[in-house]
Amino acid sequence: MGKFLSALFCILIANLAVSSAQNCNTYAFRNNAIYATCVSLPVLNSHLHWNYHTNGTVDLAFRHTGATTSQWVSWALNIGGSGMIGAQALVAVTSSNGSVQAYTSAVSSYGTSLQPSTLSFEVPRITAERVNDVVVIYATIVLPNGGTGFNQVWQVGPVNNGVPGLHALGNDNRGSVGRVDFISGQTTSGGRVGGSLVRRRNTHGVLNAVSWGVMMPMGAMTARYLKVFKVGNPAWFYIHAACQTSAYIVGVAGWATGLKLGGDSTGITFESHRNIGIILFSLGTLQVFALLLRPKPDNKYRIYWNVYHHGLGYAVIALSIVNVYKGLDILDPEKKWKNAYTGILIGLGVVAVLLEAFTWFIVLKRKKEDQRTHAGANGYGPSV
């Protein structure tokens with residue numbers, strides 16, 4: 001049995017190796033070009049083929065499979081850094097009629113629309129073609145500074161009205177970065193594009209998910225369910241105020257990181273997420289001031305304050321949950337993180353339902369006891 005499993009494992013490995021080779025080294029280009037070196041890049045169904053020449057030039061073909069119309073693909077070298085900013089890109093734009101335009105574009109900001117421009121190194125030749133669902137960029141480049149190893153970036157995105165649009169921000173798109181050496185043929189993956197920016201996005205997401213998405217609902221639950229217990233007065237108010245104030249402070253920190261991200265990512269705008277965030281900050285600030293202007297319990301305006309405070313509070317919680325999910329869709333983390341947040345909300349919901357039932361049980365029980373006490377005080381109670 002052991003020998004059988006071992007043989008089966010070897011066959012599977014051999015098949016995978018053959019499949020990988022066919023996908024890269026044995027690909028037949030329509031112009032019959034032959035390349036000495038080929039690597040399959042780790043994400044976005046992309047492959048890089050090239051011939052290195054001793055005069056410092058490289059003939060290359062960047063190939064993306066599974067391409068659709070109205071889509072752009074790009075491969076770039078980043079000479080002085082890594083990631084998107086500073087990338088010197090070869091771009092192919094496929095229009096809705098299937099025609100392909102190839103050109104060069106130097107990337108200087110996250111909001112780039114990949115407009116044609118010259119690069120920091122020479123590109124004597126660049127063309128592109130689309131064959132079925134495969135887009136290929138052919139180019140000859142002159143390697144800069146006499147080097148042979150450089151950071152590389154490759155990417156895929158949509159075309160809107162003939163203009164390249166913002167690419168997705170999923171794990172594969174953020175992971176399309178690495179290094180290539182044109183002599184040795186070695187390539188390495190280099191993590192995610194814009195590492196510091198990704199960390200700040202993650203920080204922004206965590207702060208807001210914890211504050212607006214978890215602490216705010218928990219603070220509302222303390223006010224809703226603790227005050228029904230006589231021993232909870234007035235402790236429930238201080239616990240509620242502490243929870244909501246802490247959530248607001250953490251939320252403001254998350255909101256500030258969002259503003260900083262927006263400033264550092266010119267041209268990249270998630271309008272609904274941003275607008276809801278601004279509304280949440282405004283409503284949250286009003287709620288904080290509402291605590292300072294809270295009328296006494298016997299004040300005739302207290303009932304209006306209660307309606308305002310409760311209505312605004314529930315609106316903040318609902319918008320917070322919606323915006324956390326929008327943020328998760330933007331960050332596109334591993335599915336377990338969205339599942340974890342969903343699990344937290346379900347847990348809070350179950351606790352709220354149980355506490356709501358228990359609260360009504362206590363309220364109705366007290367009401368009956370008060371009625372019996374009132375009846376006894378008026379002579380309708382049992383005689384002694």
Side-chain angles (χ1 to χ4, degrees), residues 24 29 31 33-44 46-64 72-94 100-129 135-157 163-164 167 173-197 266-267:
C24 189
F29 291 94
N31 61 3
I34 297 176
Y35 296 94
T37 308
C38 171
V39 293
S40 293
L41 301 173
V43 292
L44 299 180
S46 300
H47 312 271
L48 185 64
H49 309 250
W50 74 83
N51 291 321
Y52 172 78
H53 305 289
T54 56
N55 63 355
T57 63
V58 172
D59 295 322
L60 62 83
F62 172 75
R63 180 167 56 91
H64 172 71
W72 59 265
V73 301
S74 176
W75 174 87
L77 293 180
N78 195 323
I79 308 305
S82 63
M84 181 175 176
I85 302 300
Q88 307 295 298
L90 311 178
V91 183
V93 177
T94 305
V100 185
Q101 177 189 6
Y103 59 88
T104 61
S105 179
V107 179
S108 59
S109 72
Y110 289 108
T112 181
S113 57
L114 292 176
Q115 293 302 304
S117 60
T118 58
L119 305 186
S120 63
F121 52 84
E122 294 182 50
V123 183
R125 177 183 67 95
I126 180 170
T127 60
E129 67 176 7
V135 170
V136 184
I137 300 176
Y138 300 98
T140 297
I141 64 174
V142 179
L143 297 180
N145 307 323
T148 61
F150 304 93
N151 292 324
Q152 65 171 337
V153 187
W154 60 100
Q155 198 55 259
V156 180
V163 179
H167 63 75
N173 297 92
R174 298 202 299 267
S176 56
V177 60
R179 189 167 180 82
V180 57
D181 190 299
F182 290 105
I183 287 185
S184 68
Q186 293 182 342
T187 59
T188 58
S189 58
R192 292 186 174 188
V193 176
S196 62
L197 186 66
T266 304

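Taking the six-membered ring where tryptophan is involved, the planes of F182 and F150 are tilted, since the angle between them lies from 30° to 60°. Relative orientation of the W72 and H167 rings is perpendicular, given thresholds of 30° and 60° on the angle between their planes.
Rounding to the nearest 0.5 Å gives a distance of 14.5 Å between NE2 of H47 and OH of Y35. In this structure, CD1 on I183 lies 10.5 Å from OG1 on T37, to the nearest 0.5 angstrom. Rounding to the nearest 0.5 Å places OG of S74 at 10.5 Å from CD of Q88. For the atom pair T148 OG1 and Y52 OH, the distance stands at 6.0 Å (nearest 0.5 Å). The CG atom of L41 lies 10.0 Å from the CZ atom of R63; values are rounded to the nearest 0.5 Å. Between R125 atom CZ and D59 atom CG the span is 5.5 Å, to the nearest 0.5 Å.
The shortest heavy-atom contact between S120 and I79 is OG-CG1, 4.1 Å. Here the closest heavy-atom approach between residue V100 and residue T94 is recorded as CG2-OG1, 3.9 Å. Heavy atoms only, all atoms of each residue included: P164 and Y103 are closest at CG-OH, 3.7 Å. Of all non-hydrogen atoms in W50 and D181, the two that sit nearest each other are CZ2-O, 3.7 Å.
With sequence neighbours left out, N78 forms a side chain to side chain donor-acceptor pair (under 3.5 Å) with no residue at all.
At least one donor-acceptor pair closer than 3.5 Å links the side chain of W154 to the backbone N or O of V43. With hydrogens and angles ignored, the 3.5 Å screen pairs a side-chain donor or acceptor of S117 with a backbone N or O of A106. Using a distance-only test at 3.5 Å, with no hydrogens or angles considered, no donor-acceptor pair links the side chain of S46 to the main chain of H64. In this structure, N31 contributes its side chain and A33 its backbone to a donor-acceptor pair below 3.5 Å.
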Might you work through the side chain to side chain contact (heavy atoms under 4.5 Å, CB included) test for V180 and V39, ending with a clear yes or no? CA-CA 10 Å; V180 57; V39 293; 5.7 Å; no
Under the side chain to side chain contact (heavy atoms under 4.5 Å, CB included) criterion, do I126 and I137 qualify, and how do the steps go? CA-CA 7 Å; I126 180 170; I137 300 176; 4.2 Å; yes
Evaluate the criterion side chain to side chain contact (heavy atoms under 4.5 Å, CB included) for residue pair V91 and Q101; output intermediate values, then yes/no. CA-CA 8 Å; V91 183; Q101 177 189 6; over 6 Å; no
Does L90 form a side chain to side chain contact (heavy atoms under 4.5 Å, CB included) with L60? I'd like the steps, not just the answer. CA-CA 11 Å; L90 311 178; L60 62 83; 4.0 Å; yes
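V93 is not listed as a side-chain neighbour of L114, based on a closest heavy-atom distance of 4.5 Å or more.
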